[in-house]
Number of protein chains: 2
Amino acid sequence: MFKLNKKTEYGLLALQYMSSLQDDQVTTAREIAEKNDISLALVSKILQKLAQKKLVRSVQGAKGGYVLAKNSTNISLAEIVQAIEGPIYIFDCQKNRCTRIQACSIKGQLNAVAYKMIDYFKTIKLSDFSTEISKNKQESFQ
Amino acid sequence: MFKLNKKTEYGLLALQYMSSLQDDQVTTAREIAEKNDISLALVSKILQKLAQKKLVRSVQGAKGGYVLAKNSTNISLAEIVQAIEGPIYIFDCQKNRCTRIQACSIKGQLNAVAYKMIDYFKTIKLSDFSTEISKNKQESFQ
DNA sequence: ATAAACAAGACTATTTTGGTCCTATTTAAT
DNA sequence: ATTAAATAGGACCAAAATAGTCTTGTTTAT
Ligand code: SF4
Ligand code: SF4
C-alpha cells in the first residue's frame, strides 16, 4: 500500500511532542516512549536516525536526551520521512536493475509525480502539526 | 517505504499498453504479459481487479480479452491505485483500533495530507503516460 | 467438442517492516 | 573513582505485507 510506515509515524509523534515543550528543553527517549505509548527500544532507534540527519540534537550522558535541532517551522515532512525511511521513490527502477527500464513508457511521468510529491511534502512543516485546528471531521473521502 | 507496489506498476504498464492500441481493439492478458515481460498469472489477477472496478472491460470466451472501458483521458492514477491496492491511507488509524487515536495530535493534519495526495493523483490521467515527452533527464532529486 | 480466453480463490515464497536485545560509550552526581 | 542514567549502534528475530503460483471453473467462437 501507499503509506508511511509506523516508524515515521512514531518519529512524527516524537517530534511533535518535542516541539510542544518549552524552548530547548531536553527530553529523554524514555519520556517520549511513555507519553506516546511506544516501546523505548524502538523510539530510541528512531531518535537516533533523526539525530543522524540533524533534525534533533542528542545530549550524551546522564541528564542527557534530545532537543529539536531547528525551529519546528523549519523541519519539513519530507525531511522527516527521508530521515526515517530513506529516499522517497514511487517505484524502484534501479533496484535489481529493472529489465524494462530501457523501453519503459511510464518512468518519466512517474518521476515527475514523485518530484511533485516531494515538493508538497517539503511545504508541510512540523509546526503545522501543532497548529492542529483539530480536524475531527473524520469524513470518509474515497 | 512510501511507494506504489509492483502490482500497481504492472497494472499501469498493462493499461498504458492497452491505450496504445487502436480504438477498442481487444487484447489478451497473454499478449500484455509477453509484451511487458510480466508473468501471465500475475497480470491476469491484476486485470481482473481492473475489470471489477470497471477501468477495463473483459470479453469472455475464445477471442476474448480486455479493452479499456473508458477513454484514457478519463482514467486517473487515483482510480488505478485504488483499484489495485485498495483505499489510499497515509496511516491506518482504524486498523487494530489505534489506542492513541483519542489524544492523537497528528491525525487531523495527516488526513489533510492524504486528501491532497489523492486529489493530485486524480489529476493525473492515463493519457498523460502516452504523451511521454520522454524525460530521459534522470536527475537525482533528493 | 474443443480450445482459447477470463474468473476466482487457495496457497506459497519472498521481502519488508516492526520490534527486541545486547554491548559500548558518555557524563552528571555522589 | 563509582554509579546510574542516558545515547549509539549493530545483530537479531517475529510478524505482516507483497509478489507470485496453482488449480479449478466458466464462457464462447470455431
Ligand atoms: S517498469 Fe518502468 S517504472 Fe517499473 S521499475 Fe522498470 S523502469 Fe521503473
Ligand atoms: S497515532 Fe494518530 S496517526 Fe497514528 S494510527 Fe493512531 S490515530 Fe492514526
Would you indicate, yes or no, if D:dG20 has its OP1 or OP2 atom less than 4.0 angstrom from a side-chain nitrogen or oxygen of B:Y10? yes

Checking C:dC6, D:dA11, C:dG19 against the side chain of A:K45 (C-beta onward), the nearest is D:dA11

Whole-Å distance, B:K3 NZ to C:dT16 P, equals 6 Å

Protein heavy-atom contacts under 4.0 Å, written 5' to 3' over nucleotides 25-30 of chain C as B (base), S (sugar-phosphate only) or - (none), form the string -BBS--

Residues in residues 33-42 of chain A with a heavy atom under 4.0 Å of DNA chain C, by number, are A:S39, A:L42

Distance below 4.0 Å between B:N5 side-chain N/O and D:dA17 OP1 or OP2:
no

Are any of the side-chain nitrogens in B:K70 or B:E79 under 4.0 Å away from the carboxylate oxygens of its partner?
yes

So, the side chain of A:N5 versus the backbone of A:T8: is there a donor-acceptor pair under 3.5 Å, distance only? yes

Separation of D:dA5 atom C1' from A:Y66 atom OH, nearest Å, is 13 Å

Does a side chain donor of either A:Y17 or A:K35 reach within less than 3.5 Å of an acceptor in the other side chain? yes

Within residues 46-59 of chain B, those residues having any heavy atom closer than 4.0 Å to DNA chain C are B:Q48, B:Q52, B:S58, B:V59

Residues A:A83 and A:L55: closest non-hydrogen pair is CB-CD1, 4.1 Å

